[in-house]
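Because the structure is predicted, anything quoted here is derived from the model rather than measured.
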Amino acid sequence: MNTNNDEITINHSEIETKWQAQWKENKVFEPKINDKPKYFGNVAYPYANSVMHIGHGRTYSIADIYLRYQRVLGKNVLQPLGFHISGTPVLAVSDGIKRKDKKTLTQVRNAISDYVTSEKESNDLIETFKDPANIAKFFSGTIEGSLDSIGIGIDWSRQFTTGEPMYNKFIEWQFSKLKEAGLLVQGKYPILYSAQDENAVGEDDIKDGDIDKVSVSNMVGIKFAVCGEENTFVLCATLRPDALFCAQNLWIKSSMEIAKLKVGTEFWYVAKDAINKVKYQFDDVSHVSDLDGTYFLDKFVIAPMVDKKIPCYNAEFCDSKHGTGLVYSSPADSPHDYLNLFEIKFPGKSLSEFTDSEPLNLTPITETFDKKKQKISYQFDIPAYDILMKNKIYNTENNSENLERVKQELYKEAHFGSKMINSGEFDGLVLKKNIAGDKVRDVLFDKNLAVNFYETSRRATTRGDDNVIVANLQGQWFLKYSDRAVKDKALELLEQSNYFPANLKASQAGYIEWANMRPCARKRGLGTQIPYDRDWIVEPLSDSTIYQMLYLVSGLINEYKIDTEKLSFEVFDYLYFGTGVASKLDIDQEFLTKAREQVVYWNNVDFRYVGMSHMSNHLNFLIYHYSLIFPKSMWPKTFVAGNLMMRDGQKISKSKGNGTPLFRMKKQYGSDLYRLYIGVNSNCDVEMDFKEEEIVNLSKKFDRWTDLISQSLECEKKDFNSYSDIDKWLISKFYKSVELYFEHFENFKIREAYVEVLYEVLNNINYHSRRAGEKATINVLRFIAEDYLILMTPIVPHICEELYCKIKSNKNDSVTIEDSSEHFDKSKSFISLKAYETCGKDFISQEILDKEEIVFDLIKKVSANIERTENVKIVIITQAKSDKFELFDLIKSTLETDGKNPKVIFGKIAKKLPQYVKFAKKFVPKCLGAGISFYLSKEDEKKLLMENLEFFKSEFGCDVVISEDDSEKASPREFEITLE
RNA sequence: GUCCGGAUUGCCAAGUCUGGUCAAAGGCGCAGGACUUAAGAUCCUGUCAUUCGUGUUCGAGGGUUCGAAUCCCUUUCCGGACACCA
């Protein structure tokens with residue numbers, strides 16, 4: 001910290017601790033129902049599986065600054081917070097600890113290291129984490145402490161976790177409402193699955209699942225009818241159904257174990273390793289018999305749609321674990337297929353012997369139509385052949401690497417600018433974006449010649465070494481967002497809301513359009529069971545949409561120790577909609593009345609802050625659910641999407657170890673400074689970079705501000721009229737900035753608002769200090785100090801409380817903090833609750849501001865000139881000629897009477913003051929925008945110069961003379977400067 | 001793949017929505033000065049070019065306009081978010 005001379009060193013950390021304790025003790029952030037307008041804002045609850053780092057702190061700080069600003073506006077503000085523990089993450093940690101998984105243990109040990117003093121304590125704590133509830137309990141405690149430590153004004157009396165019975169009841173109610181709205185439906189859904197565990201698998205269950213993500217990929221299983229076997233098919237899974245048109249044969253590894261399955265009324269052949277995939281993806285599957293690949297080698301199959309009889313050939317490269325293990329060839333597109341087929345048809349020969357014509361005599365199925373975009377040129381429009389020849393790959397032997405390379409090249413580049421030919425109704429479809437493939441697939445589906453076949457995006461195994469497969473789960477619960485009426489309602493909600501940043505509102509509407517069927521329940525994890533189907537647990541994103549409304553009654557549920565079993569659907573209906581008869585509900589009537597009062601008073605969410613990455617899912621669902629469950633009058637009002645925080649240009653993440661715990665900020669920099677840095681550094685919609693040097697630099701400005709205000713409070717506040725003109729200038733400037741402050745805040749521009757009242761005002765203070773001396777500055781600051789503190793409270797609340805204390809003690813206020821009677825108005829004691837009530841306009845004198853600007857500009861110009869000249873003894877200031885003033889008058893009056901019409905203005909000038917036509921050519925366009933700037937009459941201008949002569953002399957450090965002559969070059973307020 | 005966004009003067013980064021007060025905030029870096037025995041820290045000044053008239057700048061090219069960093073079109077290069085995961 002700065003320890004300059006007589007400056008008082010402030011121990012911010014100490015002050016902050018003191019005020020945080022005061023706030024807590026006096027329940028400053030636990031608002032009661034009163035006659036002020038209410039404002040209900042909140043941020044998404046944090047996930048209680050780790051400690052908070054400085055990145056999380058940004059989100060909560062921004063929301064807190066804005067909500068404290070609402071208090072400045074005189075609102076009764078509620079900001080509650082709960083904790084999210086649904087889903088698998090907490091479970092995964094406790095499982096990891098039970099398993100003694102090293103990675104998990106290290107992470108947990110690191111996370112708790114700040115809260116334990118010995119290794120034994122650490123181990124004991126971790127031991128308790130085998131119960132997931134203890135994980136949630138511990139981390140929610142640390143989170144509460146962290147947020148308190150940076151002065152976030154949260155009403156903790158309403159907190160809950162998503163694992164509590166109260167919450168479960170609320171979610172059950174919510175889902176009953178969604179069911180009523182027709183949103184909750186059941187169907188099939190593909191998920192990653194382990195047949196051995198008989199359960200869905202998440203990222204945590206898959207080996208290296210966090211590093212190399214596994215997703216579900218959608219293949220097409222094409223049915224090749226086996227000749228001579230009725231209703232029996234070889235199922236080949238492919239990503240390129242369009243290649244069917246050049247299918248020449250099936251590849252079947254003779255040694256592969258194959259199973260015959262009965263699926264519905266059909267019989268399918270697949271590799272034995274693929275039995276589970278079929279079993280878990282299709283209905284009515286039974287195992288008929290086993291055989292091996294040799295069975296097919298003398299058989300023929302019919303390629304569907306093209307109706308072509310093709311043979312089955314042995315191929316060692318077949319992989320029983322990929323797809324169905326059985327594939328068809330597409331020699332035109334696949335170099336592998338081409339060479340293998342070639343070697344079967346021409347045993348012992350090399351492809352190099354066939355340069356004049358393509359030996360397999362294939363019919364091309366694609367054609368190049370855009371030679372420019374296509375990076376590979378084809379001789380015969382048989383891409384596989386052409387690329388093999390180009391790369392001089394003539395046989396399969398020792399060429400597996402090369403083949404792989406050209407395959408990649410082909411897939412990557414060949415499809416640009418190709419379209420289908422010789423394929424009947426599909427002719428002309430482009431291969432790009434799989435347009436042709438999708439069309440072929442759809443037609444195959446229509447004719448029941450193919451099925452959807454899901455496969456994992458990469459080969460994956462569980463920690464228990466079972467193959468991860470894709471199961472098409474029966475009975476999956478969905479939220480059906482696809483109905484037009486449902487979408488329209490959500491869009492209506494969005495439409496009537498405020499959205500910041502405003503340009504993303506359109507994207508949000510896009511997400512609403514895009515939402516379709518959303519699986520909303522899972523087989524595993526913590527959370528609420530679906531009331532109609534207890535096997536399913538509501539998935540974490542679906543259980544966190546309208547929960548803000550629970551805050552309105554959660555405090556009372558705890559206070560009245562309500563038996564959660566009594567929280568029936570009817571009770572929630574009564575609480576939220578006022579429907580039903582209260583006296584008939586089997587629940588504490590006093591609670592019921594009070595809780596209903598809460599809902600009626602707080603009514604709806606006024607402000608919701610979410611991370612930008614949650615726009616497409618969380619916020620989307622939130623909008624849907626509110627629009628369906630609540631009446632319009634209870635819809636949320638303002639949404640803000642905020643961005644992440646980086647650390648020195650890098651993402652904050654556990655693995656990088658750059659996520660400094662939030663609670664350290666108080667000791668390291670002071671919470672006020674942290675908040676100030678967050679608020680002033682960037683607007684919430686841009687990614688913010690946390691830089692040590694920047695925050696240190698900011699502390700200098702902050703210290704200066706603190707020091708100035710602190711000193712000013714030692715002075716006596718005087719009557720406005722007893723201040724001098726230059727003092728009034730500073731006061732005017734301040735209240736001008738205040739106007740902008742409110743304007744910026746209305747548009748959720750926190751950064752701009754504080755740049756205005758901190759940087760701008762500080763600059764003006766410095767200028768005033770030069771003009772009138774530091775003493776006078778401190779004196780005049782006393783006049784605005786109280787307002788200034790109120791406006792700064794949202795961003796640096798602790799120091800403002802501390803300084804405000806000085807004012808209170810000066811006032812000899814009869815109200816003391818100890819007064820705790822029911823009607824005690826806390827806002828008199830805490831600046832955190834104080835509204836801004838001054839009418840700044842009364843103290844703004846435009847004339848003083850305008851005049852000072854002329855002086856200011858002059859100083860700037862002269863200083864710049866002096867800088868460039870040596871040995872200046874006298875500065876001569878010369879005014880413009882009288883007719884130049886006339887010109888200005890003419891332009892000004894024309895602008896007023898005829899508007900911004902350059903032609904009219906030029907016409908008048910040419911007529912009355914032709915000597916200035918040339919000058920006007922450059923000057924007039926400048927006036928068209930902002931108008932002509934303020935200027936004085938020649939006499940007043942001279943007066944102004946004379947009045948400030950002494951100030952000029954001291955500023956320039958030399959003699960200053962106001963010339964009696966006129967200058968051609970000068971203009972009103974633009975003096976000619978001569979140095980001697 | 002789908003959907004968004006960005007490119008600003010040595011670097012980071014405001015400004016763009018709402019065209020004019022924009023040679024363009026702020027920070028870093030750099031240079032000079034004050035203080036100091038000195039260094040550091042701190043404070044002040046400067047930081048596109050300039051013959052101090054002005055000129056040339058906001059990825060590139062074109063357009064609209066009296067006027068474009070800002071609006072429109074084209075183009076190059078970067079980045080972010082994506083559903084069962086919180």
More than 12 non-hydrogen atoms from neighbouring residues, nucleotides or ligands closer than 6.0 Å to NZ on A/K480, yes or no?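 Check fails, neighbour count at 12 or below.
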[X]: what forms a salt bridge (charged side-chain N to carboxylate O under 4.0 Å, His left out) with it, not counting sequence neighbours?
X      : result
A/K749 : none
A/E455 : A/K277
A/E853 : A/R973
A/K892 : none

Would A/C520 and A/V538 count as a side-chain contact (heavy atoms from CB on, under 4.5 Å) here? Give the steps. CA-CA 6 Å; A/C520 64; A/V538 176; 5.6 Å; no
Residue set satisfying ring-ring contact (aromatic ring centres under 6.0 Å, His included) with A/F975, at least two apart, ordered chain then number -> none
Take atom [atom1] in [N] and the same atom in [M], then report the distance between them in whole Å.
N     : M     : atom1 : value
B/U42 : B/U36 : C1'   : 11 Å
B/U47 : B/C11 : C1'   : 14 Å
B/A34 : B/G40 : C1'   : 15 Å
B/C28 : B/C77 : C1'   : 26 Å
B/C43 : B/U75 : C1'   : 49 Å
B/G46 : B/A23 : C1'   : 15 Å
B/C73 : B/G29 : P     : 41 Å
B/C78 : B/A24 : C1'   : 24 Å

Among residues at least two apart in sequence or on other chains, which ones pass side-chain contact (heavy atoms from CB on, under 4.5 Å) with A/S140? A/A48, A/F83
Student check: side-chain heavy atoms of A/Y674 and A/F690 closer than 4.5 Å: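 Sidechains of A/F690 and A/Y674: in contact.
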Would you mind checking if A/E852 and A/R771 are paired as a salt bridge, meaning a charged N to carboxylate O distance below 4.0 Å?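 Between A/E852 and A/R771 there is a salt bridge, with a charged N closer than 4.0 Å to a carboxylate O.
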Mind telling me whether B/G53 is syn or anti, cutoff 90° either side of 0?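 Judged by the O4'-C1' to base torsion, B/G53 sits in syn, the angle falling within 90° of 0.
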Categorize [X] for me: base, sugar-phosphate, or nothing, with a 4.0 angstrom heavy-atom threshold over every strand shown.
X      : answer
A/P519 : base
A/L541 : base
A/S86  : sugar-phosphate

Quick test: give all pairs of protein nitrogen or oxygen and nucleotides 26-35 of chain B nitrogen or oxygen below 3.5 Å, distance rounded to 0.1 Å.
| from | atom 1 | to | atom 2 | distance (Å) |
| --- | --- | --- | --- | --- |
| B/G27 | O3' | A/N697 | ND2 | 3.2 |
| B/C28 | OP1 | A/N697 | ND2 | 2.1 |

Begin from the C-alpha positions of A/Q529 and A/W536 and carry the test side-chain contact (heavy atoms from CB on, under 4.5 Å) through to its verdict. CA-CA 6 Å; A/Q529 294 163 344; A/W536 290 90; over 6 Å; no
Whole-Å distance, A/E756 CD to B/A14 C1', equals 14 Å
Between the protein and nucleotides 78-80 of chain B, list the N/O to N/O atom pairs that are separated by less than 3.5 angstrom.
none

Counterpart residues, side chain to side chain donor-acceptor pair (under 3.5 Å), relative to A/Y167 (two or more places apart):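 Only A/Y45 meet the side chain to side chain donor-acceptor pair (under 3.5 Å) criterion with A/Y167.
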Not counting sequence neighbours, which residues clear side chain to side chain donor-acceptor pair (under 3.5 Å) with A/Y935? List them please.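 Partners of A/Y935 by the side chain to side chain donor-acceptor pair (under 3.5 Å) criterion, ordered by chain and then number, come out as A/D889.
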Identify the nucleotide, in any strand shown, that forms a Watson-Crick or G-U wobble pair with B/C48, with both distances under 3.5 Å; if there is none, say none.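 Pair assignment: B/C48 / B/G55.
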Should B/C22 form a Watson-Crick or G-U wobble pair with both distances under 3.5 Å, which nucleotide is its partner?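 For B/C22, the partner nucleotide comes out as none, under the 3.5 Å rule.
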Exam field: side chain A/K733 to backbone A/V761, donor-acceptor pair closer than 3.5 Å: no
Checking side-chain polar atoms at under 3.5 Å, does A/S737 have a donor or acceptor matched by the opposite partner on A/E760? no
Atom pairs under 3.5 Å: protein N/O with N/O of nucleotides 15-17 of chain B:
| from | atom 1 | to | atom 2 | distance (Å) |
| --- | --- | --- | --- | --- |
| B/C17 | N4 | A/K749 | NZ | 3.2 |

Could you list, one pair per line, each protein nitrogen or oxygen that sits under 3.5 Å from a nitrogen or oxygen of nucleotides 5-9 of chain B, together with the distance?
none

